[in-house]
Amino acid sequence: MLDYLDSLWVIFVAMIGTILTEVINYILIYRHDSYKALKEKIETRSEKLLKEKNVRIHAGNEKSQNKTINILTEDLKDLNMQLTQKKMVSTVATGVAAFFLFGTLRKSLNGVVVGKIPFEPFSLVTKISHRGLPGTDYTECSFAFILALAMMVLREITRRLTGFEPKKNEAPSILAPPDNWQPK
Amino acid sequence: MQKKIEKQQRKKQAKNQEIKQESILQFKEKWENIQKLFRNFYKNEDTIEWQKEDLQEILLWTRFIISFVLGILFGLIPLTGFIAIALYLLVSVGFLEIYCRKKHHLDPEDFGSAFTFASAGLMPSSALFLLIWIIVYSNFNSI
């Protein structure tokens with residue numbers, strides 16, 4: 001017999017986890033002036049890059065435009081790298097927080113069927129969704145799957161509502177090669 | 001000495017109050033911005049130049065609403081199996097893609113790639129759909 005309170009409890013814990021993560025991020029990263037300055041730089045550089053790319057389409061002077069775009073792209077990559085480095089400590093801290101949350105739920109809900117999945121999930125998904133549950137009915141769902149889904153949703157909502165992340169209209173990935181790179 | 005401590009405490013309190021007001025203001029601004037984006041996307045008849053980040057934001061929030069509604073609907077009917085997932089993707093991806101192209105005459109290639117509209121906020125909104133669908137189905141329909 002499913003207890004609806006179990007799934008609500010998991011979502012509540014996910015909410016606490018997300019708020020805790022944001023508080024940790026705020027204390028360790030977002031409130032510092034260096035982060036605010038970095039965020040502003042990323043936003044202004046990406047806006048400039050977007051403008052340059054639009055101007056490039058209409059103008060005929062491609063060489064100098066390419067040079068400006070490459071400089072801005074490299075600049076943005078460096079800034080994104082700095083951002084990633086700043087977030088490293090908070091990533092570890094939030095990982096530890098998530099570990100404790102998971103442990104808290106495991107004590108009370110291990111082996112308990114929290115929900116019923118309305119389809120037969122893939123084998124990769126059953127590793128999470130059927131975690132700790134007895135039997136072979138893979139439509140039975142454990143707390144781990146509900147927790148993972150809830151954290152994914154709540155993290156995105158919190159991230160969007162708090163607005164601490166920089167707006168990256170044209171930010172390239174730090175792994176992406178420059179636009180004019182050619183393989184040998 | 002006492003006066004110095006009191007002065008420092010007052011400064012700290014004032015700074016904390018400032019941070020609190022700043023965060024409330026930021027949250028209000030963010031909320032107003034989302035409302036403005038919704039108005040521009042759904043009600044405004046004028047042609048607007050959309051920025052990638054704003055477009056992704058509005059697509060994300062719309063997908064969240066679609067996911068929430070469809071999750072409850074499919075959980076209550078109940079609609080099970082991969083057909084429900086296919087229907088969800090059809091509505092979530094298809095409707096917004098057509099809306100962006102026909103109503104706003106936007107080309108996803110202008111914003112990065114052909115999948116810009118399809119992929120904006122798809123992962124978290126799919127997670128929300130699955131979550132709501134599972135919870136509603138489990139509590140209203142399964143034994």
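Each chain gets a letter, A, B and so on, in the order its sequence line appears, and its residues count up from 1.
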Participant: Are there over 12 heavy-atom neighbours, none belonging to A:Lys87, within less than 6.0 Å of that residue's NZ?
Facilitator: yes
Participant: For chain A, find which of B:Gly81, B:Gly75, B:Ser67 contributes the most heavy-atom pairs closer than 4.5 angstrom.
Facilitator: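 Most pairs with chain A among the choices: B:Gly81.
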Participant: Rounded to the nearest 0.5 Å, how far does CZ of B:Phe64 lie from CD1 of A:Ile157?
Facilitator: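 Here the interatomic distance stands at 4.5 Å.
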Participant: So how far is it from A:Arg160 CZ to B:Ile34 CD1, rounded to the nearest 0.5 Å?
Facilitator: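 Nearest 0.5 Å value for the CZ-CD1 distance: 9.0 Å.
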Participant: Is it the side chain or the backbone of B:Ile85 that comes within 4.5 Å of chain A heavy atoms, both, or neither?
Facilitator: side chain
Participant: Answer whether the closest heavy-atom distance between the side chains of B:Phe74 and A:Pro118 falls below 4.5 Å.
Facilitator: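 No, too far: nothing below the 4.5 Å cut-off.
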Participant: At what distance, to the nearest 0.5 angstrom, does CD1 of A:Ile117 lie from OG1 of B:Thr80?
Facilitator: 12.5 Å
Participant: Are B:Leu76 and B:Leu79 connected into the same hydrophobic cluster when the rule is that any two of I, L, V, M, F, W, Y join if their side-chain heavy atoms are below 4.5 Å apart?
Facilitator: yes
Participant: Would one find more than 12 heavy atoms of other residues, nucleotides or ligands at under 6.0 Å from atom NZ of B:Lys36?
Facilitator: no
Participant: Just give me the residue among A:Thr162, A:Leu154, A:Ile146, A:Leu161 that pairs up with chain B most often, heavy atom to heavy atom, under 4.5 Å.
Facilitator: A:Leu161
Participant: Could you pull out the closest heavy-atom pair between A:Val153 and B:Pro124, with the gap in Å?
Facilitator: CG2-O, 3.5 Å
Participant: Can you confirm whether more than 12 heavy atoms, excluding those of A:Glu120, are under 6.0 Å from its CD atom?
Facilitator: yes
Participant: Can you measure from CZ (A:Arg159) to CG (B:Leu60) and round to the nearest 0.5 angstrom?
Facilitator: 8.5 Å
Participant: For A:Thr139, is it the side chain, the backbone, both, or neither that has a heavy atom closer than 4.5 Å to a heavy atom of chain B?
Facilitator: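 No part of it gets close to chain B.
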Participant: Please indicate whether B:Phe82 has more than 12 foreign heavy atoms, meaning atoms of other residues, nucleotides or ligands, lying under 6.0 Å from its CZ.
Facilitator: yes
Participant: Quick check against the 3.5 Å criterion: does B:Ser138 have a side-chain atom that pairs as donor or acceptor with the backbone of A:Gly115?
Facilitator: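 Not confirmed, B:Ser138 side chain does not pair with A:Gly115 backbone.
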Participant: Are B:Tyr42 and B:Ile66 linked, directly or through other ILVMFWY residues, by side chains that come within less than 4.5 angstrom of each other?
Facilitator: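 Yes, it is one cluster - the side chains of B:Tyr42 and B:Ile66 are joined through contacts under 4.5 Å.
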Participant: Is any side-chain heavy atom of A:Phe119 less than 4.5 Å from a side-chain heavy atom of B:Tyr137?
Facilitator: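 Side chain of A:Phe119 against side chain of B:Tyr137, heavy atoms only: no contact under 4.5 Å found.
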Participant: So with a 6.0 Å cut-off around CZ of B:Phe68, is the heavy-atom count from everything else above 12?
Facilitator: no
Participant: Does any backbone or side-chain atom of A:Ile11 lie under 4.5 Å from a heavy atom of chain B? Answer side chain, backbone, both or neither.
Facilitator: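 Contact with chain B is through the side chain of A:Ile11 alone.
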Participant: If you define the side chain from C-beta out and look only at heavy atoms, does anything of A:Phe145 sit under 4.5 Å from B:Ile134?
Facilitator: yes
Participant: In this structure, would A:Val92 and A:Val23 fall into the same cluster of hydrophobic residues linked by side-chain contacts under 4.5 Å?
Facilitator: no
Participant: Please round to the nearest 0.5 Å and tell me the distance separating atom CG of B:Leu131 and atom CE of A:Met152.
Facilitator: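 Reported value, rounded in 0.5 Å steps: 10.0 Å.
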Participant: Verify the neighbour count for atom CZ of B:Phe115: are there more than 12 heavy atoms of other residues, nucleotides or ligands below 6.0 Å?
Facilitator: no
Participant: I'd like to know if B:Leu87 and B:Ile65 are part of one continuous hydrophobic network [Ile/Leu/Val/Met/Phe/Trp/Tyr, side-chain heavy atoms within less than 4.5 Å].
Facilitator: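 Yes, B:Ile65 connects to B:Leu87 through the hydrophobic network.
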